[in-house]
Novice: 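The structure is given below, and queries will be raised subsequently.
The figures here come from the full heavy-atom set of this structure, side chains too, leaving out hydrogens, waters and symmetry mates. Predicted model only: the values in this text are computed from it and were never measured.
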Amino acid sequence: MPEGDTVLQTATRLHQALAGQVLTRSDLRVPRFATADLSGRTVLDVTPRGKHLLTRIEGGLTLHSHLRMDGAWRVYAPDERWRGGPGHQIRAILANAEHTAVGYRLPVLELLRTSEEDRAVGHLGPDLLGPDWDPGRALDRLLAAPERPLGEALLDQRNLAGIGNVYKCELCFLARVTPWLPVGALPDGALPRLVTLAERLLNANRDRPTRTTTITSELRTPPGPPSPPSATAAPSATAATPAPARAPARPRAPQPVRVQERLYVYGRARRPCLRCGTPIRLADQDDRPTYWCPGCQSGPTP
């Protein structure tokens, strides 16, 4: 699921493939811009802004795209087979002599003047992975609506840009509160710590191929048969007290297994919490699947 870290990685790949190169082909497969031809223009840079991508092109133009839930940009060599999906899902093609960038399932794709980029991204709050990151301003925006559920407030890109549904669930778990707890009901000092943690987690994952929020592997012992109650030692066998028949061998208890879990709660419904063992719960919040641990996280739930 694209979030600020994966959008940054996409921007980096596109920038490396396109920046400084003259476009030999452009194809924008959306009705409004279907006749636009960017061939012959040089790509200047590709910049992420929260979960938005801004591809700046010679002549004062910017191609603005957003991946939302399942959009993607793929970069291919000239003779490489395109594998991002069926042809009818392609929304954009930008090619130069060495690479071809193909945008699949892009729900937002528009060509605008670079001077008018604020029309697309000016509403965003401080970017967790951007040069404008300002934790104080993000905190002020979150506190402006203290009655709002924390999960909804974290997803609102006007507060801070870059958090998606995965990080929402993981951050609430790490803060030990449910996503339905109002922002203003968090314990003293919890919200500043949460904002700091959000920036730290996204930066830790900015170059990782697979998102990880757990710090170390968790040593889990699968449940085995219960241990027998302790008892005093039985008297030694004598002629008067023959030794009891030998009991059947008890099956060996499962040995501890080291399991590498990359996320604490997201996508782990009904599986045991890595911290306390309670089954992870799942419910919708604002039409998004939301995961939490009822044993570790306090606050209201559906």
Side-chain angles (χ1 to χ4, degrees), residues 1-19 21 43 45-55 65-86 89-95 98-108 127-131 133 154-155 157 160-174 196-220 257-269 271 274 280 288-289 291:
M1 181 178 295
E3 305 203 19
D5 51 359
T6 47
V7 172
L8 175 65
Q9 293 172 18
T10 298
T12 300
R13 288 193 297 271
L14 289 174
H15 183 85
Q16 292 172 345
L18 301 177
Q21 302 292 320
V43 174
D45 65 76
V46 182
T47 298
R49 182 73 175 86
K51 295 194 286 183
H52 299 252
L53 286 164
L54 302 172
T55 303
S65 59
H66 195 295
L67 306 182
R68 295 252 173 101
M69 298 293 286
D70 62 349
W73 280 96
R74 301 281 188 256
V75 176
Y76 302 107
D79 298 327
E80 189 176 357
R81 185 171 64 88
W82 298 1
R83 303 178 304 278
Q89 294 182 350
I90 295 175
R91 295 294 176 266
I93 301 172
L94 300 175
E98 298 179 1
H99 299 96
T100 299
V102 184
Y104 292 90
R105 301 172 299 280
L106 302 176
V108 176
D127 187 342
L128 283 152
L129 294 175
W133 171 240
L154 289 174
L155 285 180
Q157 303 299 295
L160 65 175
I163 291 177
N165 203 42
V166 176
Y167 278 116
K168 176 198 82 171
C169 296
E170 295 295 295
L171 285 166
C172 288
F173 174 81
L174 290 167
T196 298
L197 180 59
E199 186 270 341
R200 185 163 64 87
L201 276 182
L202 265 74
N203 263 298
N205 284 285
R206 62 187 297 151
D207 298 319
R208 284 178 177 160
T210 304
R211 184 179 296 125
T212 303
T213 60
T214 53
I215 305 305
T216 59
S217 301
E218 295 288 337
L219 188 65
R220 307 297 298 167
V257 178
R258 186 169 295 277
V259 178
Q260 176 64 59
E261 296 283 1
R262 296 189 178 275
L263 301 173
Y264 281 110
V265 292
Y266 189 87
R268 301 190 68 249
R271 295 172 62 191
L274 298 177
I280 300 299
R288 292 173 181 263
Y291 301 82

Novice: Test of understanding: with side-chain contact (heavy atoms from CB on, under 4.5 Å), list the residues that count as partners of A92, not counting sequence neighbours.
Specialist: L28, W73, L106, L109
Novice: Let me see the working for F173 and T213 under side chain to side chain contact (heavy atoms under 4.5 Å, CB included), right down to the final yes or no.
Specialist: CA-CA 11 Å; F173 174 81; T213 60; over 6 Å; no
Novice: Check salt bridge (charged side-chain N to carboxylate O under 4.0 Å, His left out) between R91 and all other residues, then give those that pass, not counting sequence neighbours.
Specialist: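 None.
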Novice: Do N203 and R206 have side-chain N/O donor and acceptor atoms under 3.5 Å apart?
Specialist: yes
Novice: Can you name the one residue among L128, T196, L171 that meets side-chain contact (heavy atoms from CB on, under 4.5 Å) with L201?
Specialist: L171
Novice: Which label fits W82 and Y76: parallel for a plane angle under 30°, tilted from 30 to 60°, or perpendicular past 60°?
Specialist: parallel
Novice: Below 4.5 Å, heavy atoms only, C-beta onward: do E3 and R211 meet side chain to side chain?
Specialist: yes
Novice: Could you work out, with side-chain hydrogen bond (donor to acceptor under 3.5 Å, both in side chains) as the rule, every residue matching R68, not counting sequence neighbours?
Specialist: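 Not a single residue meets the side-chain hydrogen bond (donor to acceptor under 3.5 Å, both in side chains) criterion with R68.
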Novice: Flag the pair K51 / H66 as yes when at least one side-chain heavy-atom distance between them is below 4.5 Å, and no otherwise.
Specialist: yes
Novice: Apply ring pair (Phe, Tyr, Trp, His ring centres under 6.0 Å) to Y266 and list each qualifying residue two or more places apart in sequence or on a separate chain.
Specialist: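 Testing Y266 for ring pair (Phe, Tyr, Trp, His ring centres under 6.0 Å), a comparison that skips the adjacent residues, returns Y291.
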Novice: Identify, with sequence neighbours excluded, every residue that meets salt bridge (charged side-chain N to carboxylate O under 4.0 Å, His left out) alongside E98.
Specialist: none
Novice: Could I get the full list of ring pair (Phe, Tyr, Trp, His ring centres under 6.0 Å) partners for H15, not counting sequence neighbours?
Specialist: none
Novice: Is there a side-chain contact between H52 and V7 (heavy atoms, below 4.5 Å)?
Specialist: no
Novice: Before giving the answer on side chain to side chain contact (heavy atoms under 4.5 Å, CB included), spell out for V43 and L94 the whole-Å C-alpha distance, their side-chain angles and the decisive distance to 0.1 Å.
Specialist: CA-CA 10 Å; V43 174; L94 300 175; 5.6 Å; no
Novice: Heavy-atom distance under 4.5 Å between the side chains of W133 and D127, does that happen here?
Specialist: no
Novice: Considering residues at least two apart in sequence or located in another chain, which fulfil the salt bridge (charged side-chain N to carboxylate O under 4.0 Å, His left out) criterion with R81?
Specialist: none
Novice: Listed by chain and number, what are the side-chain hydrogen bond (donor to acceptor under 3.5 Å, both in side chains) partners of R288, not counting sequence neighbours?
Specialist: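 Residues passing side-chain hydrogen bond (donor to acceptor under 3.5 Å, both in side chains) with R288: none at all.
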Novice: Quick check: do C172 and L154 have side-chain heavy atoms less than 4.5 Å from each other?
Specialist: yes
Novice: Could you list the residues that satisfy salt bridge (charged side-chain N to carboxylate O under 4.0 Å, His left out) with R268, not counting sequence neighbours?
Specialist: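 R268 satisfies salt bridge (charged side-chain N to carboxylate O under 4.0 Å, His left out) with E261 only.
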Novice: Side chains of P289 and N165: does their closest heavy-atom pair fall under 4.5 Å?
Specialist: yes
Novice: Could you work out, with side-chain contact (heavy atoms from CB on, under 4.5 Å) as the rule, every residue matching D70, not counting sequence neighbours?
Specialist: R105
Novice: Suppose we screen for side-chain contact (heavy atoms from CB on, under 4.5 Å). Which residues come up paired with P86, at least two apart in sequence or across chains?
Specialist: H88, Q89
Novice: Is the backbone N or O of K168 less than 3.5 Å from a side-chain atom of E170, with the two atoms forming a donor-acceptor pair by type?
Specialist: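 Absent.
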Novice: Please check if the side chain of N205 supplies one atom and the backbone of T212 the other of a donor-acceptor pair under 3.5 Å.
Specialist: yes
Novice: Would the distance check show the side chain of E199 and the main-chain N or O of L129 forming a donor-acceptor pair, the cut-off being under 3.5 Å?
Specialist: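 Answer holds: no.
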Novice: Under a 3.5 Å distance rule, please check whether Q9 uses its side chain to pair with a backbone N or O of R208 as donor and acceptor.
Specialist: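 Side chain of Q9 to backbone of R208: a pair is present.
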Novice: Please enumerate all residues that pass side-chain contact (heavy atoms from CB on, under 4.5 Å) together with Q16, with sequence neighbours excluded.
Specialist: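 Expected list: T12.
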